[in-house]
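What you are looking at is a predicted structure, and each value in this text was computed from that prediction instead of being measured. In what follows, chains are A, B, ... by sequence order, proteins preceding strands, each numbered from 1.
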Amino acid sequence: MSMSISSPVSLSTLLKARIGAAVETLFAQPPDPNVIVVEPAARPEFGDVTTNVAMRLARPLGRPPRDIAEALSQQLAQDPWIRRADAAGPGYVNLDIAWDVWMQAEGRELLPIFPPQGGKVIVEHTSINPNKAAHVGHLRNACIGDSVARLLRRTGQLVEVHNYIDDLGRQVADTVTGLLYLDPGTVATGQPRFCDFCWDVYAALHQGYQSNPSLKAQGDQTLHELEAGDNRIAWMAEAFVQQILEDQLRDMARFGIRYDLLVHESDILRAGLWETAFSRLQGSSRFVRETDGPQAGCWVLRAREDDEDAAEERDGAHMPDKVLVRSNGLLTYTAKDIAYHLWKFGLLPLDFRYHLRGDGLYSTGREILEHPALGGANTVINVIDRRQSYPQEMVQEALQAVGFEEAARNLHHIGYAVVSLSRRTAAHLGVPVEEGRDVYPMAGRQGIGIKIADLLALVAEAVESARSRKEGIGSEAIASGAIRYYLLRHNLQTDIVLDTDSVADIHGNTGPYVMYTHARAAGILRRADPTEAEAVAAPAPAILDPWERMVAISLAWWPDVLVEAARAYNPTVIATYVHELAERFNRFYEECPILRAGDTERRFRLALVRRVVAVMADGLDLLGVPAPDAM
RNA sequence: GCGCCCGUAGCUCAGGGGAUAGAGCGUCUGACUACGAAUCAGAAGGCCGUAGGUUCAAAUCCUACCGGGCGCACCA
């Protein structure tokens, strides 16, 4: 993925420039900036940082890498930022940084600052069917989306966060059907919230569908009336959706997740977006009405003309073409999504109507009012689980088909693997478990899954009983951070097999460990002399203690990590970094006296602590995890 | 059948061309009348799924195979 995020000044950018200049001085030609790579040294004996330019320049310069490394080392040793430079191994140049220069550098900011980038990014996430309580899988989506939005804002992008409300779908129709037609008694009472009750209704309904054909017919009829609109079912469903939505938004708010705009699927029709999109699509030869075959009567988006397999497949079992308008005239989800995306990119001459909710959140609706400019993005990012990558591709293809190549290029799908349940957790929830089977997918239709509110309560309870002090932030806030951290520290492509015991664990690579480290560091600053605690810089010793070095190297690399995470749309990069910084700080804390040290050492170490607190708070904020001063 | 993703310590996961592959959990052994022990140290644990290839250099890139997951709806 290519996003133009400018790199702020950092140790690595500074060193790259200096290495480039040194190469130019020595060999009378400037190197390609991309071949200059500077990394933290793999092992402490190698120094602070390492570059492999000599090996990468060996071929273009026609000289042995070791010779280049030797010459480069001698040249760089003159640099005031570099305390020592040595050629090593097959052609590395190992550098020790003049940390005093780094810390004192004039005009140096405590945290990297990014200039505003111009343009707008829309991030769509959460987008849960509004028909029952939200579960951990939905929360993974929301945490990823929320963190990506924070990352982009942090690096200078203008971001608008959308939550898409599918208020017309099969799932809403099903729960409404269950509420209306299921025998009272089939669902247990005593649920704490409406969405919890509906969770059970939805599961009970699907059980009913198995045994009761007339119930299925009622479900189909409900869906039909819902889609048709302007009738008893449609109005009831609207009230129903609103209530469920409030429950879901409250769940998300407890994790610090907020939105700028709620977009209702029904409003895409109401605002006439589809009508306009439809006429645009008709300009494409790939959008056709099938007259025969299995898709007769449907408007479909044809697979790419140059796709040789497509024609062949059309005769086989799988149709390569995507139906947008069904033979009964009703639209598929993808059709409405295409219209929505044309609007997101500002490619339709129409807008929604809106209303402003009490909590300051805008929602599409029926009123006309003054509102900030919404939509019209240059870049669109959709956080949707990777099982749905096919319809996402169809949206992209539709944009291409109607000639919006640039928009198609700037539409990014962040696909992530799903959350399943461990055998232990599944058994705990009453799911029948089998020998030799370790992974149990969540299934709304069977009522299998961990609801967000339940998980939060469970983890909060574990935190409450494990904590030794009760000051500072509350157990629920810690639990929320623990869960967010857990969901974000896994790579997007990693299947999370959720085990409630390991989420509730507060040791190791966990949110509480990282939060605790922040509180610990903040506590030291609190006890220090206020002037010394505020200082961002202090004279550094010529040679650092090994654990001072490790902390300093991590701190120096924070801007690079931030840029890498934002460019890759990947919050896991931040989690990995923050954990490593926490480990290094804790080791530094064990090995090096701070408040008890002599004047010079104390001031330098306090400046390091000050920076650790700032960087950890910065990173934790991007993850949506609290950075408490006490806990 | 076609396509995508994943196989790394007993378990959960990092590392995604660079020097001797890292954490956490679990196991064993140690460190608090405290700069916050929700911490830290040490020990033990690996043909990085298999076989080829590219490269000065492969856990990392390419090919094939094996194993697991997921897509290929007039559901979303």
Q: OP1 or OP2 of B:C40 less than 4.0 angstrom from a side-chain nitrogen or oxygen of A:Y513, does that happen here?
A: yes
Q: Could you tell me how far apart A:R289 (CZ) and B:C74 (C1') are, to the nearest whole angstrom?
A: 12 Å
Q: A:Y589 on top of B:C40's base, within under 5.5 Å and under 30°?
A: no
Q: Determine whether the side chains of A:R489 and A:T510 contain a donor N or O and an acceptor N or O closer than 3.5 Å.
A: no
Q: Pick base, sugar-phosphate or nothing for A:R520, based on heavy-atom distances below 4.0 Å to the nucleic acid.
A: base
Q: Below 3.5 Å between N/O atoms, which protein atoms pair up with nucleotides 23-29 of chain B? Just atom names and distances, please.
A:
from  : atom 1 : to     : atom 2 : distance (Å)
B:A23 : O3'    : A:E583 : OE2    : 3.3
B:A23 : O2'    : A:E583 : OE2    : 3.3

Q: Check whether NZ of the Lys or CZ of the Arg A:R520 lies under 6.0 Å from the centre of the six-membered ring of A:Y589 and within 45 degrees of that ring's axis.
A: yes
Q: Scan side-chain atoms only and decide if A:S12 and A:D560 contain a donor-acceptor pair under the 3.5 Å cut-off.
A: yes
Q: To the nearest angstrom, how far is A:M515 atom CE from B:G36 atom C1'?
A: 16 Å
Q: Whether the side chain of A:S327 and the base of B:C74 hold a donor-acceptor pair under 3.5 Å is what I'd like checked.
A: yes
Q: Who passes side-chain contact (heavy atoms from CB on, under 4.5 Å) against A:A88, sequence neighbours left out?
A: A:N94
Q: Say whether A:N131 and A:Y202, considering side chains only, have a donor N or O and an acceptor N or O under 3.5 Å apart.
A: no
Q: Go through B:A76, B:A38, B:C35 for me and flag the one nearest to the A:M631 side chain.
A: B:A38
Q: Please write out each protein N/O paired with an N/O of nucleotides 19-22 of chain B under 3.5 Å, distance rounded to 0.1 Å.
A:
from  : atom 1 : to    : atom 2 : distance (Å)
B:A19 : N6     : A:T50 : OG1    : 3.1
B:A19 : N6     : A:N94 : OD1    : 2.7
B:A19 : N1     : A:N94 : ND2    : 3.3
B:U20 : O2     : A:R43 : NH1    : 3.3
B:U20 : N3     : A:R43 : NH1    : 3.4
B:U20 : N3     : A:R43 : NH2    : 2.6
B:U20 : O4     : A:R43 : NH2    : 3.1

Q: Restricting to non-hydrogen atoms, name the atom on A:A533 and the atom on A:L525 that form the minimum distance, rounded to 0.1 Å.
A: CB-O, 3.5 Å
Q: Show me, range against range, the stems involving RNA chain B, built from at least 3 consecutive Watson-Crick or G-U pairs below 3.5 Å.
A: B:1-7 with B:66-72, B:10-13 with B:22-25, B:27-31 with B:39-43, B:49-53 with B:61-65
Q: Sort and list the pairs that fulfil ring-ring contact (aromatic ring centres under 6.0 Å, His included) and have at least one residue in residues 474-506 of chain A, not counting sequence neighbours.
A: A:Y486-A:H490
Q: Which listed nucleotide (B:C35, B:G36, B:A76) is nearest to the side chain of A:I594?
A: B:C35
Q: Side chains of A:S475 and A:R467: is there a donor and an acceptor less than 3.5 Å apart?
A: yes
Q: For A:H206 and A:D174, which I'm curious about, is there any donor-acceptor pair between the side chains at under 3.5 Å?
A: yes
Q: Counting heavy atoms from C-beta on, name the nucleotide in B:C74, B:A38, B:C35 closest to the side chain of A:L595.
A: B:C35
Q: Do you see a donor-acceptor pair shorter than 3.5 Å between the side chains of A:Q392 and A:Q396?
A: no
Q: Between A:R386 and B:G71, is there a side-chain N or O to OP1/OP2 distance below 4.0 Å?
A: no
Q: Return the nearest nucleotide to the side chain of A:Y390; candidates are B:A41, B:G71, B:G36.
A: B:G71
Q: Just say parallel, tilted or perpendicular for the rings of A:H135 and A:W199, cut-offs at 30° and 60°.
A: perpendicular
Q: Between B:G46 and B:A21, how far apart are the C1' atoms? Round to whole Å, please.
A: 9 Å
Q: Quickly work out the A:E39 CD to B:G15 C1' distance and round it to whole Å.
A: 12 Å
Q: Check the pair A:H579 / A:Y513 against ring pair (Phe, Tyr, Trp, His ring centres under 6.0 Å), numbers first and verdict last.
A: CA-CA 8 Å; A:H579 178 247; A:Y513 172 78; 5.5 Å; yes
Q: Taking RNA chain B as the partner, which of residues 490-502 of chain A come within under 4.0 angstrom of it by heavy atom?
A: A:H490, A:N491, A:Q493, A:T494, A:D495, A:V497
Q: Between A:Y516 and B:A38, is there a side-chain N or O to OP1/OP2 distance below 4.0 Å?
A: yes
Q: A:W299 and A:F278: aromatic ring centres closer than 6.0 Å?
A: yes
